[in-house]
Amino acid sequence: MATQTKPVLHGYFRSSCSWRVRIAFALKGIEYDQVAVNLIKDGGQQLTEQYKTLNPMQQVPAVEIDGVTLSQSLAVIQYIDETRPGPRLLPADPKARAQVRMISDLIASGIQPLQNLSVLQKIGAEKLPWAQHFISRGFQALEPILKQTAGKYCVGDEISMADICLVPQVYNAERFKVDVGQYPTIKRLNETLAEIEAFKLSHPSRQPDTPADLQA
């Protein structure tokens, strides 16, 4: 099903959702092109009419792949997993697969949207305590779940979509000065994953659109 044309990721270096897709591409060994969509510059390049044709929600990412344009990072990750060789990003076992989806949805639906850029811009001066509150609330739920599901990684001993979601969320937590040390399972998993090459290559500090002062 794969074609000769490289996928194109329209994203932003510090976007959690864009980062998830970069991790998935790296884990699968997929070469792709990147088009930067600066969420700050010019009032937000994602708000242009041109970009709206790619993603009507005017968010990142948008991924052009196999003749279709996909948005929503978890849909993109699952499409990649279903159409490309390489390590599985969702387990074969139905129960483990459901756990991966549960953890991924908890992060991608229950935590991250409450502290993304468009929400924080509306909150204004109170954005730091707002972000801290909702990240902490989410981590308080996530920690006991991961205690039950985790082996070396979030679900057992194979890297999955859950790990792909966890690492960018911990990065955001640290950005908003949440003490991740309160959550020992989350902290351990993040430290383990941070040493894996796919997570290093996809890090916000190493992207083509990373500002010079934030580059690794």
Side-chain angles (χ1 to χ4, degrees), residues 9-23 35-63 70-77 101-146 154 161-183 185-187 189-190 194 202-205 207 209-215:
L9 168 61
H10 300 259
Y12 182 58
F13 78 102
R14 202 153 58 184
S15 152
S16 295
C17 303
S18 302
W19 188 359
R20 292 174 200 151
V21 174
R22 295 195 303 260
I23 297 168
V35 176
V37 181
N38 193 311
L39 304 185
I40 308 295
K41 189 178 179 182
D42 304 325
Q45 293 174 346
Q46 76 280 14
L47 302 177
T48 64
E49 286 301 314
Q50 181 182 3
Y51 186 74
K52 191 176 181 180
T53 63
L54 285 172
N55 186 346
M57 277 292 285
Q58 298 180 287
Q59 299 172 335
V60 291
V63 177
L70 301 174
S71 59
Q72 301 303 321
S73 61
L74 300 193
V76 175
I77 292 164
R101 287 179 168 141
M102 172 180 69
I103 293 163
S104 300
D105 283 341
L106 190 157
I107 295 169
S109 300
I111 306 176
Q112 188 271 329
L114 291 160
Q115 33 88 46
N116 72 10
L117 180 63
S118 62
V119 172
L120 295 181
Q121 286 173 334
K122 290 286 186 185
I123 298 299
E126 296 299 309
K127 67 182 182 181
L128 182 60
W130 170 280
Q132 289 172 335
H133 169 78
F134 284 107
I135 294 170
S136 298
R137 188 184 74 162
F139 278 11
Q140 286 161 17
L142 186 59
E143 176 69 17
I145 291 171
L146 289 172
C154 283
M161 183 168 69
D163 302 287
I164 291 171
C165 291
L166 181 69
V167 169
Q169 187 55 61
V170 174
Y171 174 87
N172 275 346
E174 291 172 341
R175 231 180 107 213
F176 290 113
K177 300 179 171 58
V178 172
D179 179 12
V180 179
Q182 300 174 79
Y183 312 103
T185 311
I186 292 173
K187 185 173 187 289
L189 291 166
N190 184 68
S202 58
H203 194 275
S205 64
Q207 301 314 304
D209 61 324
T210 306
D213 60 327
L214 297 177
Q215 289 175 5

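Scope of the values below: all heavy atoms of this structure, side chains included, with no hydrogens, waters or symmetry mates.
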S.K.: Applying ring pair (Phe, Tyr, Trp, His ring centres under 6.0 Å), can you list everything that pairs with Tyr171, at least two apart in sequence or on another chain?
M.R.: Trp19, His203
S.K.: Heavy atoms only: give me the nearest Gly138-Leu106 pair and the separation to one decimal.
M.R.: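 Heavy-atom minimum between the residues: O-CD2, 4.0 Å.
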S.K.: Taking the side chain as everything from C-beta on, heavy atoms only, tell me whether Ile107 gets closer than 4.5 Å to Pro168.
M.R.: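 SC-SC contact between Ile107 and Pro168 ruled out.
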S.K.: Quick one: side chain to side chain donor-acceptor pair (under 3.5 Å) partners of Arg14, sequence neighbours excluded?
M.R.: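 Listed in chain order: nothing, the list is empty.
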S.K.: Not counting sequence neighbours, which residues clear salt bridge (charged side-chain N to carboxylate O under 4.0 Å, His left out) with Lys127? List them please.
M.R.: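 Listed in chain order: nothing, the list is empty.
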S.K.: Extract all donor-acceptor atom pairs below 3.5 Å that involve side chains of residues 52-60 and protein atoms in other chains or at least two apart in sequence.
M.R.:
unit_1 : atom_1 : unit_2 : atom_2 : d
Thr53  : OG1    : Gln50  : O      : 2.6
Asn55  : OD1    : Met57  : N      : 3.0
Asn55  : ND2    : Gln59  : O      : 2.8
Asn55  : ND2    : Pro61  : O      : 3.4
Gln58  : NE2    : Leu47  : O      : 3.0

S.K.: Quick one: ring-ring contact (aromatic ring centres under 6.0 Å, His included) pairs with a partner in residues 113-132, sequence neighbours left out?
M.R.: Trp130-Phe134
S.K.: With sequence neighbours excluded, what pairs up with Phe139 under the ring pair (Phe, Tyr, Trp, His ring centres under 6.0 Å) test?
M.R.: Tyr183
S.K.: Report the residues that fulfil side chain to side chain contact (heavy atoms under 4.5 Å, CB included) with Leu117, sequence neighbours left out, ordered by chain and then residue number.
M.R.: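 For Leu117, the residues satisfying side chain to side chain contact (heavy atoms under 4.5 Å, CB included) (neighbours in sequence not counted) are Leu39, Ile40, Gln121.
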S.K.: Which residues satisfy the side chain to side chain contact (heavy atoms under 4.5 Å, CB included) test with Asp209, sequence neighbours excluded?
M.R.: Tyr12, Phe13, Ala36, Gln207
S.K.: Could you grab the distance from atom NZ of Lys177 to atom CD of Gln132, nearest 0.5 Å is fine?
M.R.: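 Interatomic distance, Lys177 NZ to Gln132 CD, rounded to 0.5 Å: 8.0 Å.
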S.K.: Checking Lys41 now: which residues fulfil side chain to side chain contact (heavy atoms under 4.5 Å, CB included) with it, not counting sequence neighbours?
M.R.: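 By the side chain to side chain contact (heavy atoms under 4.5 Å, CB included) rule, Lys41 matches Asn38, Gln45.
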S.K.: Quick one: does Ser73's side chain get under 4.5 Å of Ile164's, heavy atoms only?
M.R.: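 Ser73 does not reach Ile164 side chain to side chain.
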S.K.: Please tell me if the side chains of Val167 and Asp163 come closer than 4.5 Å, counting only heavy atoms from C-beta onward.
M.R.: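 Result no, sub-4.5 Å side-chain heavy-atom pair not found.
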S.K.: Hey, what do you get for CD (Gln169) to CD1 (Ile135), rounding to the nearest 0.5 Å?
M.R.: 5.5 Å
S.K.: How would you list, by chain and number, every residue that makes a ring pair (Phe, Tyr, Trp, His ring centres under 6.0 Å) with Tyr51, sequence neighbours excluded?
M.R.: none
S.K.: With sequence neighbours left out, which residue pairs that include part of residues 102-114 fulfil the side chain to side chain donor-acceptor pair (under 3.5 Å) condition?
M.R.: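 Residue pairs with at least one partner in residues 102-114: there are none.
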S.K.: Would you find a donor on one side and an acceptor on the other, under 3.5 Å apart, between the side chain of Asn116 and the backbone of Val119?
M.R.: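 Judged by distance alone, yes, a pair lies under 3.5 Å.
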S.K.: Once you round to the nearest 0.5 Å, how far does CD1 of Ile186 lie from CD of Gln140?
M.R.: 9.5 Å
S.K.: Return the set of residues passing side chain to side chain donor-acceptor pair (under 3.5 Å) with Glu143 (not counting sequence neighbours), or none when no residue passes.
M.R.: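 Once residues adjacent in sequence are excluded, the partners of Glu143 under the side chain to side chain donor-acceptor pair (under 3.5 Å) criterion are Thr185.
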S.K.: If you look at every heavy atom in Gln215 and Thr210, which pair is closest and at what distance?
M.R.: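 Looking at all heavy atoms of both residues, the closest pair is NE2-O, 3.0 Å.
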S.K.: When you compare the side chain of Lys187 with that of Asn190, does any pair of heavy atoms fall below 4.5 Å?
M.R.: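 No, side chains not in contact.
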S.K.: Could you grab the distance from atom OG of Ser18 to atom CD1 of Ile23, nearest 0.5 Å is fine?
M.R.: 11.0 Å
S.K.: Using every non-hydrogen atom in the two residues, find where Val180 and Ala173 come nearest and quote the distance to one decimal.
M.R.: CG2-CB, 4.1 Å
S.K.: Rounded to the nearest 0.5 Å, how far does OG of Ser16 lie from CG of Leu166?
M.R.: 11.0 Å
S.K.: For Asp179, does its backbone N or O pair with a side-chain atom of Gln182 as donor and acceptor, under 3.5 Å?
M.R.: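 Present.
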S.K.: Exactly one of Leu114, Leu142, Ile111 should register a side chain to side chain contact (heavy atoms under 4.5 Å, CB included) with Arg137. Which one does?
M.R.: Leu114
